[in-house]
Amino acid sequence: MKRVLSGVRPTGIIHLGNYLGAIKQWVDGLEASKNQDNLFCIVDLHALTTLEDSENLRHNSYLMAATYLACGLSPEKCFIFRQSDVPAHTELAWIFSCITPMGWLNRMTQFKEKAGKNIESVCLGLYAYPVLMAADILLYKATHVPVGEDQKQHVELARDVAGMFNRRFAKDFFHLPEPVITGPATRIMSLRDGTSKMSKSDVSDYSRIHLTDDADTLARKIKKAKTDTDVIAASMALMENRPEARNLVNILAALTHKKPDAVCKAFEGKTFSVLKKALIEVLHETLLPMGEKIKHYMHDLFYLDHVLEKGAAHANDLAGQHMTQIKKSVGI
Ligand code: AQP
């Protein structure tokens, strides 16, 4: 049976990169899914690695549940739950911590980027994050993990951990989960700098599009987005060294379900102000209704609790069955 699992950290309002790189892929997968178990987690334990305010985290977890629903994840077709409502995530993470070589974690590029110069002072949780992520995935024996490109290395680590567990304790116990990284939007870049990823933690609000931005803000952010003075070329290959230009083409392609080269062809020879106008229109059509739905769900915390409880009950049930076997295998 195919089992899909993924999640987003509740560290704030999600941006277009989170939506196009991850959540939209989940929703598209649901449409096509038959005989498939779909689990979408709000990974609040991962948010603790960069915690600033615990009241905010509680609020952001609800906001993420509202966002999942507003983006089209139907609770009839999938289970939505908070990671911290399933204690087995941390239990399994400890077991995995005891079989994961430090050398594997030392290679994780996201840790190096996030720790930067503060390598001595960042918390152990940030370093161990990929082990918890391996537990998130393997706890449910997930087979497919749809994520943005930045998470590829972490899913690969989960495969390595699964292999290590199988070799040491129980042959063929875990399937090796597949990262699912598809489409033109697996890495949406900052609107201010086409060489760095669009991110919730970027200090500049103008670097990203939020799902809750209003019409004026969306238009302003796209108008201010960095581009160059050249016209749009006939293909992406001809814009190899123009990261900001490629980024806007990729965004428009992803939102209109076209190939980036088809977008280039349609706008060939035109200036970026023409493409930006089209992009603003598409963003208005796509995001404004979602923003309204997020607000609507945020006024109904009772319903959000109901969805999260139902999701957690299913997740705990599945996790409990697997943990019994895992504990037996390791001798506890
Ligand atoms: N720029 C992006 N383009 C495509 N996909 C992206 N994702 C994140 N940024 C982009 C994908 O979104 C999912 C959830 O990510 P996350 O919030 O759990 O963690 P992150 O990758 O660290 O995202 P941010 O926005 O950069 O958050 P902060 O600033 O809090 O660290 C993942 O599938 C990710 O690949």
Side-chain angles (χ1 to χ4, degrees), residues 4-29 39-53 56-57 60-61 63-65 67-68 71 73 80 82-84 89 108-116 122-123 125-126 129-130 132-133 136-137 142 144-158 177-205 207-212 225 243-244 246-251 253-255 260:
V4 177
L5 177 130
S6 197
V8 179
R9 297 192 325 139
T11 44
I13 300 162
I14 74 158
H15 53 72
L16 196 63
N18 300 132
Y19 172 65
L20 292 175
I23 302 178
K24 186 173 183 301
Q25 305 304 319
W26 312 348
V27 175
D28 292 349
L39 296 148
F40 299 112
C41 190
I42 295 159
V43 286
D44 55 349
L45 296 174
H46 285 286
L48 290 178
T49 59
T50 51
L51 182 69
E52 279 167 17
D53 176 338
N56 249 347
L57 177 55
N60 284 339
S61 293
L63 187 60
M64 198 55 74
T67 304
Y68 283 5
C71 290
L73 288 180
I80 296 174
R82 236 182 326 235
Q83 185 187 24
S84 61
H89 284 254
M108 295 296 113
T109 49
Q110 196 181 74
F111 173 73
K112 288 179 199 156
E113 278 162 24
K114 290 208 167 175
V122 293
C123 64
L126 193 67
Y129 175 119
L132 178 58
M133 183 163 154
D136 301 336
I137 297 168
H144 294 79
V145 187
V147 284
E149 205 177 84
D150 60 319
Q151 293 295 338
K152 184 166 186 250
Q153 198 183 29
H154 292 164
V155 183
E156 280 165 357
L157 184 104
E178 291 287 339
V180 182
I181 302 169
T182 48
T186 56
R187 192 171 175 83
I188 296 294
M189 310 310 278
S190 156
L191 298 179
R192 309 300 298 155
D193 170 7
T195 61
S196 56
K197 186 183 86 119
M198 187 177 284
S199 167
K200 294 192 223 85
S201 50
D202 192 311
V203 286
S204 166
D205 217 35
S207 69
R208 63 186 160 255
I209 297 286
H210 287 132
L211 256 63
T212 50
E244 286 85 13
R246 290 172 64 90
N247 191 34
L248 291 185
V249 170
N250 271 333
I251 293 174
L255 287 167

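In listed order, ligands and their atoms are each counted from 1. Remember, predicted model here, so these are calculated numbers, not experimental data.
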Original post:
Given side chains that start at C-beta, do those of Gln151 and Gln110 come closer than 4.5 Å, heavy atoms only?
Top reply: yes

Original post:
So, is Lys197 polar-close to ligand 1, with some N/O to N/O distance under 3.5 Å?
Top reply: yes

**OP:** Out of Gly12, Ser201, Gly148, Ala22, indicate the one that has the non-hydrogen atom closest to atom 29 (O) of ligand 1.
**Re:** Ser201

**OP:** Going by heavy-atom distance to atom 4 (C) of ligand 1, choose the closest among Thr50, Thr186, Ile251.
**Re:** Thr186

**OP:** Could you tell me whether the side chain of Arg9 reaches within less than 4.5 Å of the side chain of Thr49, counting heavy atoms only?
**Re:** yes

**OP:** Check each of Asn18, Ile14, Ile42, Val43 against atom 12 (O) of ligand 1 and report the one with the nearest heavy atom.
**Re:** Asn18

Original post:
Quick one: OG on Ser199 to CD1 on Ile188, what's the gap to the nearest 0.5 Å?
Top reply: 13.5 Å

Subject >> From Met133, Met64, Arg82, Gln83, residue fulfilling side-chain contact (heavy atoms from CB on, under 4.5 Å) relative to Val43 >> reply: Gln83

Subject >> Closest approach of any protein heavy atom to atom 22 (O) of ligand 1, naming residue and atom >> reply: Lys114 NZ, 3.1 Å

**OP:** Could you name the option among Asp150, Val147, Val8 that has the heavy atom nearest to atom 34 (C) of ligand 1?
**Re:** Asp150

**OP:** Could you tell me whether some N/O pair between Tyr129 and ligand 1 is separated by less than 3.5 angstrom?
**Re:** no

**OP:** Verify the neighbour count for atom NZ of Lys200: are there more than 12 heavy atoms of other residues, nucleotides or ligands below 6.0 Å?
**Re:** yes

**OP:** Give the minimum heavy-atom separation between Tyr68 and Cys41, together with the two atoms involved.
**Re:** OH-O, 2.6 Å

Original post:
With backbone taken as N, CA, C and O and side chain as the heavy atoms from C-beta onward, which portion of Pro146 lies under 4.0 Å from ligand 1: side chain, backbone, both, or neither?
Top reply: neither

Original post:
Under 3.5 Å, is there a donor-acceptor pair between the Asp202 and Ser204 side chains?
Top reply: no

Original post:
Heavy atoms only: which of Ile23, Asn250, Ile188 is nearest to atom 2 (C) of ligand 1?
Top reply: Ile188

Original post:
If hydrogens are left out, which of Met64, His15, Lys200 has an atom nearest to atom 16 (P) of ligand 1, that is, the closest non-hydrogen atom?
Top reply: Lys200

Original post:
Which bit of Arg9 is near ligand 1, meaning a heavy atom under 4.0 Å away: side chain, backbone, both or neither?
Top reply: both

Original post:
Within less than 4.0 angstrom of ligand 1, does Arg208 place any heavy atom?
Top reply: no

